[in-house]
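For reference, the structure is listed below as structure tokens.
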Protein chains: 2
Amino acid sequence: MTNESAQKAPERPEAALKLEEFLPYRLNVCANLVSQALSRIYADRYKIGVPEWRVLVTLGQFGMMTAKGIGGHSCMHKTKVSRAVALLERRKLVVRRANRADLREAFLSLTPAGRDIYNELAPIALDFAQKLLESVDAADRAALDRALSKLTERSSQITDIANSRGGR
Amino acid sequence: MTNESAQKAPERPEAALKLEEFLPYRLNVCANLVSQALSRIYADRYKIGVPEWRVLVTLGQFGMMTAKGIGGHSCMHKTKVSRAVALLERRKLVVRRANRADLREAFLSLTPAGRDIYNELAPIALDFAQKLLESVDAADRAALDRALSKLTERSSQITDIANSRGGR
DNA sequence: TGACGATGGTTTCGATTGCAACTAAACAGG
DNA sequence: CCTGTTTAGTTGCAATCGAAACCATCGTCA
């Protein structure tokens, strides 16, 4: 066997790329399925999607916040936040209060109706997550927690570096 | 404290829903970041997106397959597969060969050019996944593996049940 | 004060998505 | 055979998304 042919060999069999074992793929499939299962809880009941759900939960958690704050905390693009808030505002689930000290931003918070929905959904969502976690061996749960944190941190790091390189 | 007020209490503080600790949310964020980081490897270089990437990898792995087969193996909607294949076909990375025994379907496979790209990308992708995994404590990796499998299984189960109920 | 860059948020626009309707071919079962 | 049903794959359409442009306001510095 020459060097040439060794280089051209498709791949070492033991290193073959199998999609179903490939971490990024598995994460994506898992996250989508979980997301879809969860959204059954609120989608039909209240006709809202994931972005609206996140806004609702964030405001439920913090009480009052700017759109920027919501975006930062829920990892959503500002246009997504803007549109989700607009929808919730139309439905009278969220109110906008001007910030006298800075008229560019506005403070958002749940209306009583929004709070009602939040109070109804939050325990159901927690229960859902709990049920989901119960399918994972108790001994593995902490590891999953750590792993998700590490993977999230590492990949956002990679993206940042690549972005700063590309943006030169 | 009456029963009434206990029922109306927003939530027990210890059970409060915190988005940043909520498993479905964390999975989604993690998967998106990882996916985005990975796509840097192939997106710019070859101007393809996730669906095309998955078709490429699936065909690289199995050699020859129908669109249905690809969809099943890569968890993609048939329209996504159809469009991804159409794009790759236009780029001469994939060929379609009629199945004499059943003219509805067609066998798809990589062209030599497609195989070249696969052979270039696969090791880089594997390396990426490896690097990513290295950020996770070695002791936690097997647990992550099991947890992802369980969560995937459980949530697709939930969705299936809900779907069959709704589809009555 | 007044000009300029930065910032919060909205809007416009092109691209991607998934559902539903469709086409064409296979496979009943009489 | 014909007829109705199922299946592989494509296409039309409406909804969603994110990048970039945009608008209004703020902070800075001369």
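Here is the naming used below: chain letters follow the sequence lines, and residue numbers restart at 1 for every chain.
Between H77(A) and dC17(D) there is no side-chain polar atom (N or O) within less than 4.0 angstrom of OP1 or OP2. Remark: S82(A) is in phosphate contact with dT10(C), judged by side-chain N or O atoms under 4.0 Å from OP1 or OP2. Within the structure, every side-chain polar atom (N or O) of K68(A) is placed at least 4.0 Å from both OP1 and OP2 of dT7(C). Under 4.0 angstrom from either OP1 or OP2 of dG18(D) there lies at least one side-chain N or O belonging to K80(A).
With DNA chain D read from its 5' end, the first of the two nearest nucleotides for A101(A) and V50(A) is the one closest to V50(A).
A salt bridge between E89(A) and R96(A) is present, with a side-chain N of the basic residue lying under 4.0 Å from a carboxylate O of the acidic one. Between K131(A) and D127(A) a salt bridge is recorded (basic side-chain N to carboxylate O distance below 4.0 Å).
Looking only at side-chain heavy atoms (C-beta outward), V95(B) and L110(B) stay at 4.5 Å or farther from each other.
Between the CD atom of E89(A) and the C1' atom of dG9(C) there is a distance of 12 Å, given to the nearest Å. Regarding L108(B), its CG atom lies at a distance of 7 Å from the P atom of dG9(D), rounded to whole Å. Atom CG in N32(B) sits roughly 12 Å away from atom P in dC17(D) (whole-Å rounding). Nucleotide dT16(C) holds its C1' atom 16 Å from the CD atom of Q36(B), rounded to whole Å. Atom P of nucleotide dT16(C) and atom CG of N28(A) are separated by 17 Å, given to the nearest angstrom. When rounded to the nearest whole Å, the span between CD of E105(A) and C1' of dG27(D) equals 14 Å. Rounded to whole angstrom, the span from the CG atom of L103(A) across to the P atom of dT7(C) amounts to 18 Å. Going from atom CG of N99(B) over to atom C1' of dT7(D) covers 13 Å, rounded to whole Å.
Contact of R96(B) with dG9(D) (side chain to base): no donor-acceptor pair of N or O atoms is detected under 3.5 Å. Side chain R83(A) to base dG18(D): a donor-acceptor pair is found below 3.5 Å.
Between atom CZ of residue R154(A) and atom OG1 of residue T159(A) there is a gap of 10.5 Å, rounded to the nearest 0.5 Å.
Here A86(A) lies out of heavy-atom contact (under 4.0 Å) with every strand.
Closest approach to the A67(B) side chain among dT6(D), dG9(D), dT25(D) is made by dG9(D) (side chain taken as heavy atoms from C-beta onward). Side-chain proximity of K78(A) to the nucleotides dT10(C), dG9(D), dG18(C) is greatest for dT10(C). Each of dC17(D), dT10(D), dA26(C) was ranked by its minimum atom distance to the side chain of T79(B); first place goes to dT10(D).
At distances below 3.5 Å, at least one donor-acceptor pair connects side-chain atoms of R45(A) with backbone N or O atoms of I41(A).
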